[in-house]
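Notes to accompany the following structure.
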Amino acid sequence: MTQPPAKRITDIGPPHYEKFLHPVIKKNYGQWKYHETLAPGVLCHAAESGERIYSVRAGTPRLLSIQTLRVFAALADKYSGGYLRFTSRNNIEFLLDNPANIEPLKKELAEAGFPVGGTNNAISNIVHTQGWVHCHSSATDASGIVKAVMDPLCDRFTHQDLPAKLRIAVACCLNMCGAVHCSDIAILGIHRRPPKVMHDILPKVCEVPTLIASCPTGAIRPATVDGKQSVEVIEAQCMFCGNCYTVCPALPMNDPDNDGLSIWVGGKVSNARSAPKFSKLAIPFLPNNPPRWPEVVEAVVNIVNVYARHARKFERVGEWIERIGWPRFFKLTGIEFTRYHIDDFKHAGLSYARSMHMKY
Amino acid sequence: MTQPPAKRITDIGPPHYEKFLHPVIKKNYGQWKYHETLAPGVLCHAAESGERIYSVRAGTPRLLSIQTLRVFAALADKYSGGYLRFTSRNNIEFLLDNPANIEPLKKELAEAGFPVGGTNNAISNIVHTQGWVHCHSSATDASGIVKAVMDPLCDRFTHQDLPAKLRIAVACCLNMCGAVHCSDIAILGIHRRPPKVMHDILPKVCEVPTLIASCPTGAIRPATVDGKQSVEVIEAQCMFCGNCYTVCPALPMNDPDNDGLSIWVGGKVSNARSAPKFSKLAIPFLPNNPPRWPEVVEAVVNIVNVYARHARKFERVGEWIERIGWPRFFKLTGIEFTRYHIDDFKHAGLSYARSMHMKY
Amino acid sequence: MADDGKVKTPLLDQLESGPWPSFVKEIKRARQGSPMCDDLLGQLELSYQEKKGHWKHGGLVGVLGYGGGVIGRYSDVPDKFPAVAHFHTLRINQPAGWFYTSDAIRTLCDIWEQHGSGLTNMHGSTGDIIFLGTRTDQLEPCFQKLAQAGFDLGGSGSSMRTPSCCVGPARCEWSCYDTLALCDQTTREFQDEMHRPPFPYKFKIKFAGCPNDCVASIARADLSIIGTWKDDLRQDDAAVADFAAAGLDIQKDVCDRCPSKCMEWNGAKLTIENSDCVRCMHCINVMPKALRPGTERGAALLIGAKAPIVQGALLSSVLVPFVPEEELLETLKELIRRVWEFWDEYGMSRERVGELIERVGMANFLDAIGLDPAPEMVSAPRDNPYIFFQLEEKKS
Amino acid sequence: MADDGKVKTPLLDQLESGPWPSFVKEIKRARQGSPMCDDLLGQLELSYQEKKGHWKHGGLVGVLGYGGGVIGRYSDVPDKFPAVAHFHTLRINQPAGWFYTSDAIRTLCDIWEQHGSGLTNMHGSTGDIIFLGTRTDQLEPCFQKLAQAGFDLGGSGSSMRTPSCCVGPARCEWSCYDTLALCDQTTREFQDEMHRPPFPYKFKIKFAGCPNDCVASIARADLSIIGTWKDDLRQDDAAVADFAAAGLDIQKDVCDRCPSKCMEWNGAKLTIENSDCVRCMHCINVMPKALRPGTERGAALLIGAKAPIVQGALLSSVLVPFVPEEELLETLKELIRRVWEFWDEYGMSRERVGELIERVGMANFLDAIGLDPAPEMVSAPRDNPYIFFQLEEKKS
Ligand code: SRM
Ligand code: SRM
Ligand code: SRM
Ligand code: SRM
Ligand code: SF4
Ligand code: SF4
Ligand code: SF4
Ligand code: SF4
Ligand code: SF4
Ligand code: SF4
Ligand code: SF4
Ligand code: SF4
């Protein structure tokens with residue numbers, strides 16, 4: 001006789017966060033008075049009570065092995081009473097009550113290959129997505145581009161002397177899981193050819209009406225191909241969004257020769273000073289060039305450097321560009337302005353320059 | 001035998017403006033150096049040559065009888081060497097080379113009932129349209145509203161102590177011949193009921209396909225009414241633009257019980273400081289109440305007074321509102337914010353408040 | 001009818017009092033000259049009573065060989081008011097800048113006394129002289145009298161509408177090109193397009209000498225020619241000092257209001273970072289003597305403004321960021337022809353050029369008229385990833 | 001295959017060098033634990049060679065009784081790389097604020113070592129712990145091990161997605177409400193909607209303690225709860241003076257950057273016209289000790305953010321301008337239910353709530369969920385005259 005299975009547990013939700021809070025945090029919860037950045041990657045938060053908690057932040061690749069996670073756990077035991085957290089940009093933070101532990105922890109992190117920084121006016125970790133590591137939809141890889149771009153920018157992570165915070169994001173297709181649409185600099189994987197219709201399997205794997213409805217531009221029309229009910233794609237009407245593929249596997253978008261990357265700039269999320277903004281198109285297309293995407297790396301580094309040189313203190317990339325104007329942004333960065341930069345989607349008309357405010 | 005008719009003259013274009021230029025103007029054409037406002041309605045333009053031309057500006061009802069025009073001509077002969085012009089806002093300007101003539105001219109104009117002013121930071125003449133005097137399309141009269149509104153505001157025309165220029169416009173239907181869409185304060189005649197379809201004459205006077213195409217919301221559908229081919233209007237889809245009536249006389253919009261006025265604020269045309277702006281909805285509906293439209297007059301005067309009290313120097317109405325924020329504009333003016341204020345047309349989503357910038 | 005044989009207008013009469021000049025008085029004044037005015041008053045009083053207009057829809061009337069310049073109008077109560085059974089208006093092309101001599105005014109009055117109601121609009125909101133109300137049989141003779149006096153009709157219908165311009169160099173120190181000359185020349189160049197409606201819809205042109213835009217061209221013209229300058233503002237420090245001495249708060253009223261924040265005032269000297277100036281005119285407006293536009297003058301060409309019917313109102317948008325004054329006339333003629341050609345071919349009926357551009361997309365429109373894309377044409381590049389890549393051709 | 005029995009990855013190997021930590025190293029490190037990693041490297045290397053992905057489209061797999069929490073994934077070259085023929089991901093609901101103890105981390109590692117690839121994302125961009133890659137038969141046992149350890153799955157598909165929040169009161173002096181508590185309570189309240197996808201599409205909720213929005217809620221959540229305050233900024237003049245003394249240019253770096261220009265600095269004293277402050281956080285950000293949010297705290301509720309697919313990206317817009325902290329939980333529960341009810345009934349398949357609101361119009365949406373229109377909800381009133389007047393009912 002088999003023993004009855006242990007009762008299944010469901011719908012318990014996540015563990016309660018309180019279990020994981022450092023005693024100093026528990027004690028001063030909601031009672032913080034101010035903070036200081038002691039060094040790049042090192043924050044000190046002081047409570048009304050006078051107590052302090054020290055945070056040491058290190059960059060991670062986000063894709064982490066259990067082996068590395070155990071290393072982090074060990075470091076936490078050694079220096080932060082076992083308490084740690086991750087940030088909304090996938091950095092790790094160790095929470096220390098004893099400032100004496102800061103330097104040794106930094107040293108060990110450095111040795112383990114995890115740069116300490118990302119605070120204040122630094123370039124923090126790149127929010128990114130799955131890419132070829134796990135997603136079917138990707139026009140490019142994500143982790144690889146992040147590694148390639150962060151290597152030359154690592155000093156901007158370990159130092160915090162930019163005019164303001166600079167947030168970079170990568171998304172491997174227009175679904176934008178990295179939410180690149182509001183980043184100072186965004187790298188976006190794109191397709192440039194219509195989906196190829198796999199007429200043989202289409203009827204089996206998707207419903208034609210749903211498929212047709214999925215196309216925002218109405219580029220998909222019903223068609224009968226050697227007897228079988230299928231669809232055709234009007235090339236001229238396709239703007240390569242990939243929504244049809246998301247709803248129907250029989251319309252793959254991948255095209256090694258034409259897929260690539262586009263670069264976007266000037267978005268922000270915070271309400272500090274100016275309202276949140278979307279990122280705008282800077283470079284419509286760069287080749288998809290693994291393993292190190294030199295064209296992408298050069299483009300991003302160039303924008304970062306021009307920004308660092310010209311922006312005023314506290315100006316985010318988008319705020320800087322709005323002050324100097326887009327024409328000057330293109331001039332300073334040497335990026336070409338093309339027909340593709342001019343919006344032709346739903347609200348295009350509102351992006352035309354409808355005033356005489358001009359610099360020459 | 002009848003004598004041959006005199007040869008017809010066509011396509012000669014307007015008389016050349018040079019014929020009508022004051023000698024001082026001809027001499028200093030394009031050589032003006034600066035100007036001063038000597039008094040409300042009195043400008044002095046000084047040329048590089050040192051010569052000066054004096055302009056005396058008076059308000060007119062725009063609708064002018066030849067009798068009054070002859071009075072103006074006589075005044076010009078008496079004081080400005082016969083030289084005069086009209087402005088882009090339908091004021092008259094006498095162009096004097098002798099400053100001694102300014103006061104007597106002002107006196108005669110005042111006696112004749114034409115207020116001198118409209119310069120600088122004054123309320124100038126109201127740009128308006130035909131209304132019941134001549135147009136078939138009007139939801140209300142234009143000249144009457146202008147007269148009713150300018151009477152209490154006449155002091156604002158003859159004085160120039162507002163924070164900035166204040167431009168008012170009136171249009172008697174959504175065609176907006178008064179181009180009220182960019183005015184500090186705009187008064188717009190509106191319909192609030194769908195057109196009534198005159199099935200009997202419709203087939204005779206218009207083409208159904210054109211008519212159907214004319215409706216931006218697709219509210220007009222083909223219909224057969226007692227045998228005759230005609231159309232029906234889906235009430236719920238009609239937003240009362242009147243475009244169908246413009247292309248087809250058989251769909252009159254007039255409806256004395258429901259037609260009325262709406263008030264718009266914050267538009268501007270100049271590029272001074274801020275870019276040109278559209279006027280935004282302040283009051284969706286006020287009753288159509290001739291001969292003196294008390295509700296409209298009260299609403300406009302109230303907005304002018306609140307603006308005059310609260311705006312900072314050089315702030316146009318729209319610039320003032322943007323500084324204090326729309327919630328405060330509605331609070332200060334006591335105007336109710338309703339569902340109608342929330343845009344639901346093409347670009348509606350872009351008018352939602354998508355930031356945390358808020359005053360309480 | 002009142003005993004004096006005149007209609008009673010108790011409602012309209014209430015609009016004769018008050019400080020602002022009264023249009024009712026004007027109509028009454030014109031009675032001496034024309035019986036039309038009595039019936040106009042009568043019909044207008046009826047509209048005031050009933051809160052509704054009494055004019056019939058349109059009506060095609062005109063003068064020989066012209067397709068525009070006249071707005072036909074018929075009363076819907078002709079039996080009550082026979083004198084305004086017909087009440088057409090003539091649109092007469094104003095002289096550039098609305099300049100007149102007393103003689104010219106009298107000439108116009110005499111002609112209109114003979115051939116119409118004696119009522120006018122000085123001016124219509126497109127800029128024409130409006131002769132308000134006459135009978136069909138009077139149109140041709142009136143037109144010819146005008147022609148002999150050197151006047152011609154303006155535009156109406158689907159034609160080039162009567163261009164207009166600001167007072168410009170005639171009486172303004174800020175005019176960056178000759179608005180009157182360019183307006184006059186453009187009007188003469190395109191007489192045929194004005195008098196014989198060839199287009200899908202109306203096309204309006206307005207000329208403003210500087211970004212103050214005193215003819216509202218950016219809001220009311222399909223093609224807006226707006227003066228500006230390329231070099232530095234001309235600055236007269238002594239005059240600046242005078243303004244300061246006279247009590248102007250230069251920091252608050254000038255520098256702080258500068259949209260590009262490119263001015264610095266240290267209490268004694270005003271320093272302008274001209275490369276950042278967006279040429280908004282504000283500082284010049286506040287200190288006319290002290291600051292003036294530069295000397296490298298010309299204009300920007302903007303396209304597409306219109307009222308809301310029916311896709312929503314538009315302001316004109318930058319088409320050519322800068323044209324030097326001396327090249328303006330030729331550039332304008334050439335560009336207007338190219339725009340019209342494209343609009344003629346692709347514009348739908350009653351589609352203004354601004355609506356057409358939004359429909360086909362600015363980039364395609366630029367291709368069609370042979371202009372290269374420039375960042376000055378947009379307030380910002382696209383924020384959506386929906387790009388129609390054209391892999392065939394290399395990107396422009 | 002290389003002699004050591006491991007696939008050769010010349011391209012990926014190039015990503016092991018350089019200062020930034022390498023995901024390739026991570027995958028190689030995980031080899032010791034799981035053969036899957038070899039084949040993952042192999043397939044990834046192939047993608048790098050061919051510049052194309054090798055995962056098949058979707059695939060519905062999951063755990064008993066849940067409709068979400070697992071992303072099914074199959075290789076399209078399973079014969080080449082059998083170990084990743086199945087390579088499903090588990091989304092595990094993170095603890096609020098991403099706080100852990102070393103023990104909790106080790107527990108997770110041990111479970112994943114037994115049941116999967118040993119690869120994770122800390123964290124996914126919605127906020128979940130991502131267990132990256134396992135076989136279908138491992139899903140249920142892995143899930144139950146996690147459950148016994150006190151963890152549960154997160155959301156996927158057309159469900160409420162795993163809510164997330166900023167570090168808030170746990171380690172930030174600016175948090176205007178308890179982001180962790182509210183995030184945790186909301187997650188528990190709607191377990192069913194999270195695990196059993198009931199909606200037309202996904203629904204994301206993010207909690208930020210102040211307008212700095214450190215979880216990007218306004219850009220990435222259908223419902224954004226963002227802390228703010230109603231009363232005056234708390235000001236410590238001594239600390240202000242310290243900042244000035246320390247060399248901060250208060251005029252230039254603080255006052256001039258204030259979007260509402262409501263601050264004045266006379267060199268000694270900072271004066272704030274609080275009634276004009278738009279609560280952007282800038283001055284507080286620059287002078288943490290000197291300035292702090294007020295004490296009358298709470299949050300604004302904003303709705304509708306999403307990525308561009310397919311009608312274009314949206315930021316959340318103001319739905320409720322201010323809710324006092326103590327009323328937040330109840331208000332939120334009630335409002336979320338009303339929103340879902342309407343969305344359920346009127347939302348089209350794959351239509352996010354923000355798209356629905358634009359389609360039906362904000363005013364109609366407000367009616368439906370029983371809120372009154374407020375000027376705080378718009379950046380400006382309409383500029384077009386196309387108003388759908390409802391003469392039946394009196395205007396709301
Ligand atoms: C730890 C973290 C919250 C969390 O729960 O994980 C966090 C923590 C803090 N943020 Fe943040 N922010 C965090 C993500 C964000 C994000 C979200 C994002 O980047 O995706 C934003 C919005 C970014 C944007 O606008 O695009 C964000 C915009 C800010 C700002 C506004 C900066 C600005 O000028 O726009 C401040 C204020 C400042 O830094 O002056 C701020 C300030 C802070 C402070 C100083 C708050 C405090 O008093 O403790 C914290 C230390 C910041 C630092 O890194 O120096 N935090 N912060 C996140 C760290 C991410 C990372 O590892 O780099
Ligand atoms: C005469 C006229 C041009 C014409 O060809 O007829 C004219 C003439 C001048 N305008 Fe204008 N403007 C005239 C219509 C306009 C218009 C068009 C309109 O109102 O429809 C505008 C755009 C209005 C708007 O933005 O909505 C206009 C916006 C300006 C401005 C910008 C004001 C601002 O701060 O936005 C200035 C500069 C100033 O006044 O400081 C200006 C300045 C001037 C100056 C001072 C230019 C000069 O140096 O001579 C002239 C005397 C202004 C005055 O009235 O004090 N003019 N001006 C027009 C008189 C209309 C009237 O009778 O009131
Ligand atoms: C007379 C005038 C109003 C006035 O009292 O001054 C006028 C009167 C009419 N306009 Fe206008 N428009 C007049 C200037 C304008 C302006 C202002 C401007 O030109 O600066 C506009 C807004 C700018 C624009 O063009 O967009 C204007 C926008 C319209 C429209 C809407 C056009 C659009 O695309 O939105 C219509 C409707 C149409 O064309 O069918 C229209 C139509 C009309 C009609 C012909 C009525 C109709 O539907 O056919 C009106 C004849 C009235 C009558 O019986 O006399 N009128 N119309 C103006 C022409 C006088 C002149 O020639 O100087
Ligand atoms: C795992 C993750 C990316 C990552 O590497 O972190 C992810 C992965 C996928 N996302 Fe996402 N999305 C993820 C966060 C996001 C975000 C960011 C966020 O939530 O803050 C967005 C943008 C914000 C938003 O929701 O709009 C996002 C917008 C999308 C969209 C577009 C949705 C839209 O309405 O625009 C799709 C397409 C769809 O849903 O069909 C999508 C679809 C997908 C799918 C399921 C692919 C598909 O078409 O079915 C991806 C599965 C990849 C895989 O094989 O693992 N994902 N996705 C993130 C979830 C991890 C987690 O649970 O923590
Ligand atoms: S962005 Fe696209 S490709 Fe990348 S993970 Fe999201 S859905 Fe997949
Ligand atoms: S990619 Fe987008 S635009 Fe092209 S066919 Fe598919 S859904 Fe339509
Ligand atoms: S606004 Fe309308 S009613 Fe008034 S004149 Fe123009 S078309 Fe006629
Ligand atoms: S008024 Fe406008 S919306 Fe209404 S039916 Fe006529 S065209 Fe359509
Ligand atoms: S537009 Fe400029 S140039 Fe023309 S009148 Fe106005 S201020 Fe003078
Ligand atoms: S013209 Fe306008 S932008 Fe230029 S300096 Fe003067 S105020 Fe500033
Ligand atoms: S959002 Fe505000 S409260 Fe939350 S962590 Fe960021 S700064 Fe602190
Ligand atoms: S929070 Fe922002 S708006 Fe308020 S005072 Fe500080 S800087 Fe100004």
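Just so it is clear: chains get the letters A, B, ... in the order the sequence lines come, proteins before strands, and each one is counted from 1.
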Kindly compute the distance separating OG (B:Ser65) from CG (C:Leu119), expressed to the nearest 0.5 Å.
7.0 Å
Which answer fits [X], side chain, backbone, both or neither, if we ask what part of it has an atom under 4.5 Å from a heavy atom of chain C?
X: B:Phe345; value: side chain
X: B:Ala74; value: backbone
X: B:Val133; value: both
X: B:Phe157; value: side chain
X: B:Thr246; value: both
X: B:Lys26; value: neither
X: B:His35; value: both
X: B:Glu48; value: side chain

Between [options], who has the most heavy-atom pairs with chain C when the cutoff is under 4.5 Å?
options: B:Arg85, B:His181, B:Lys33, B:Lys313; answer: B:Arg85
options: B:His45, B:Glu18, B:Met176, B:Gln130; answer: B:His45
options: B:His134, B:Arg70, B:His16; answer: B:His134

Pair B:Asn243-C:Arg350, side-chain donor/acceptor within less than 3.5 Å:
yes
C:Phe99/B:His22 aromatic ring centres below 6.0 Å
no
Just checking B:Trp293 against C:Tyr48, ring centres under 6.0 Å apart?
yes
Do the side chains of [Y] and [X] get nearer than 4.5 Å, heavy atoms only?
X: B:Glu36; Y: C:Lys289; value: yes
X: B:Arg8; Y: C:Glu140; value: yes
X: C:Met122; Y: B:Thr60; value: no

Under 4.0 Å between a Lys/Arg side-chain N and an Asp/Glu carboxylate O for B:Asp141 and C:Lys51?
no
Salt-bridge contact B:Asp77-C:Arg106 (side-chain N to carboxylate O under 4.0 Å):
yes
